Protein chains: 2
Amino acid sequence: MAIESESNPNRISQEAFEREFLPTLSVDCAIFGYDDNNLRVLVRREYIPLDGDVHLEWKLPGNHVKRTETIYDTAARILKEQTGLENIYVKQFSVFSDPERLKRNLVDYEWVRPRIVDDRVVTVGFYSLLNMNDIDNSMLIEDANWMNAYEVERLMFDHNEIFEEAFKKLRNDLLHDPLVFELLPEKFTLTQMQKLYETIFNTNYDKRNYRRKINKMEYLIPLDEFQTGVSHKPARLYSFNRDIYEETRTERFDFRM
Amino acid sequence: MAIESESNPNRISQEAFEREFLPTLSVDCAIFGYDDNNLRVLVRREYIPLDGDVHLEWKLPGNHVKRTETIYDTAARILKEQTGLENIYVKQFSVFSDPERLKRNLVDYEWVRPRIVDDRVVTVGFYSLLNMNDIDNSMLIEDANWMNAYEVERLMFDHNEIFEEAFKKLRNDLLHDPLVFELLPEKFTLTQMQKLYETIFNTNYDKRNYRRKINKMEYLIPLDEFQTGVSHKPARLYSFNRDIYEETRTERFDFRM
DNA sequence: ACAAAAGTGTTTTGGGTACACCCATGT
DNA sequence: ACATGGGTGTACCCAAAACACTTTTGT
């Protein structure tokens with residue numbers, strides 16, 4: 001439990017740790033959140049005392065895999081710890097296994113020393129998608145920060161590399177799977193959906209062509225509800241119907257614009 | 001070394017094993033070979049004595065990750081052991097982490113018992129691509145068999161699942177990356193290339209449309225060489241120029257037919 | 001009345017698809 | 001001469017891309 005929260009190092013013995021966890025295998029998670037036309041990623045603040053100084057660093061949330069868990073269980077546990085949310089979309093994308101990955105930097109390694117039993121840890125990278133409106137801010141743990149995904153600073157260990165791979169994989173997957181809807185609220189406008197694609201792919205699309213394309217998607221259900229409280233013509237709300245998606249999806253469907 | 005060849009279980013002590021290998025992390029590899037219009041996968045024959053019987057089973061080649069290795073090093077080591085080849089294309093595609101994955105079947109588990117120090121092993125799935133002409137058959141280790149990829153029998157553990165995922169990922173990657181050329185010989189005819197796609201995607205393409213499409217690929221170099229010894233008009237040979245590919249590739253190139 | 005985003009059609013262009021015949025070689 | 005795969009061009013259709021004005025609401 002000390003290890004689980006990552007915040008109270010060394011509170012359980014090495015033996016107890018090895019009984020519960022796989023010492024050489026962890027999961028690190030790039031948690032993407034979307035809100036207000038910004039794509040963000042959750043990073044954790046770490047204060048590392050070394051040589052009389054306290055160093056401020058950032059890392060992706062992660063944890064060791066328990067002996068009884070699949071890696072998906074581990075990822076779900078991390079998500080619950082960091083955001084309070086359950087049933088969040090998580091996806092593994094790559095394994096990072098450089099034998100020196102925890103030892104490239106002296107300050108980083110000082111974070112490792114008191115916490116980790118074995119200094120050879122292979123980690124499975126996951127990304128995760130959620131809409132930030134769903135987050136109950138009182139649940140957010142301390143020392144968490146939602147960095148703009150386009151302005152990610154230096155992270156510990158190989159976490160910049162893990163984040164970049166996660167972002168690349170996310171972009172690719174968004175073209176082929178209905179993942180946008182994990183980032184959007186349950187009811188959304190077509191402009192919100194377009195803006196989300198534009199944010200993630202860092203481009204702009206023609207509104208009419210975009211709407212023609214998504215109007216062909218039968219699983220996008222127009223509701224009899226509209227935006228309220230906006231000082232312009234209120235937009236119609238839509239929702240995603242997964243059942244229709246599963247039934248009507250063709251072999252080669254793609255979300256490319 | 002005993003463990004490395006997978007064939008002499010238990011010849012080194014538990015301590016020696018743990019000093020050299022990560023006991024809970026392995027790599028399993030679906031090695032695809034192409035030859036003579038057949039796509040094949042390398043599987044290993046295992047004889048497992050249990051209750052007075054000897055059971056015949058098949059598995060994908062695999063091995064534990066050494067403490068000094070990245071997972072790519074492990075995959076390359078497996079490739080060298082199984083085929084004698086170096087510098088072969090390998091790619092990780094997914095992690096398999098069911099805590100019970102080695103214990104689902106009594107006979108399978110009997111294979112594990114004498115060999116493996118920890119019965120919780122998480123494995124990283126790799127696939128690998130090679131042209132079977134490159135294999136020196138005297139190098140092929142005993143108990144290896146190239147099964148037709150469309151007729152894979154029951155494999156041990158979760159290896160059928162690993163193989164199916166590998167095949168799915170291979171198909172997907174072939175549409176976006178120049179992987180065909182890993183499976184083809186260095187010099188090949190356009191029909192060989194077409195047949196390879198047809199084999200892997202289990203369909204047929206129109207010859208003229210296919211050629212129009214690949215004629216746009218500037219990195220496919222027509223040679224001044226032709227097939228010999230065929231009783232029909234000899235086909236021109238082509239080769240793949242990776243430098244031109246890297247220079248001219250566009251963001252969204254795709255090999256889809 | 002004005003600001004701000006919603007919503008809506010047409011034309012042009014390029015790529016995908018369907019389709020049939022002559023050519024060069026070995027036997 | 002015949003069998004075998006090699007190699008080539010055209011017409012049609014649909015999807016992608018470019019492009020501008022009217023509508024509805026809040027202030």
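A quick note: this is a predicted structure, and the numbers were derived from the prediction, not measured. Chain letters run A, B, ... following the sequence lines, proteins first, then strands; residues in each count from 1. Any value given below was found using the heavy atoms of this structure, including those in side chains, with hydrogens, waters and symmetry copies removed.
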*With B:Thr189 via side-chain hydrogen bond (donor to acceptor under 3.5 Å, both in side chains) - residues at least two apart*: none

*asked:* Measure CD1/B:Ile214 against C1'/C:dG16 and give the value in whole Å, please.
replied: 16 Å

*Nearest-Å distance, OH (B:Tyr210) to C1' (C:dG15)?*
18 Å

Only pairs under 3.5 Å count here: list side-chain donor-acceptor contacts from residues 159-166 of chain B, not counting sequence neighbours, and write none if there are none.
unit_1: B:His159; atom_1: ND1; unit_2: B:Leu60; atom_2: N; d: 3.0
unit_1: B:Asn160; atom_1: OD1; unit_2: B:Leu155; atom_2: N; d: 2.7
unit_1: B:Asn160; atom_1: ND2; unit_2: B:Glu153; atom_2: O; d: 3.1

*Indicate for each nucleotide in nucleotides 3-9 of chain D, in 5' to 3' sequence, whether protein heavy atoms under 4.0 Å reach the base (B), only the sugar-phosphate (S), or nothing (-).*
BBBBBBB

_Heavy atoms only, 4.0 Å cut-off, all strands: where does A:Lys195 land among base, sugar-phosphate and nothing?_
nothing

*Output all residues satisfying side-chain contact (heavy atoms from CB on, under 4.5 Å) with A:Asp173, sequence neighbours left out; order by chain, then residue number.*
A:Lys91, A:Tyr127, A:Lys169, A:Asp177, A:Leu179

_pair B:Pro61-B:Ile31: side-chain heavy atoms closer than 4.5 Å_ = yes

*asked:* Going by ring pair (Phe, Tyr, Trp, His ring centres under 6.0 Å), name the residues that satisfy it together with A:Phe226, two or more places apart in sequence or in a different chain.
replied: none

_What is the separation between atom NZ on A:Lys213 and atom C1' on D:dA18, rounded to the nearest whole Å?_
16 Å

*For the pair made of OH in B:Tyr205 and C1' in C:dA18, what is the distance, rounded to whole Å?*
16 Å

*Which residue pairs satisfy the side chain to side chain donor-acceptor pair (under 3.5 Å) criterion with at least one member in residues 222-232 of chain A, sequence neighbours excluded?*
A:Lys187-A:Glu225

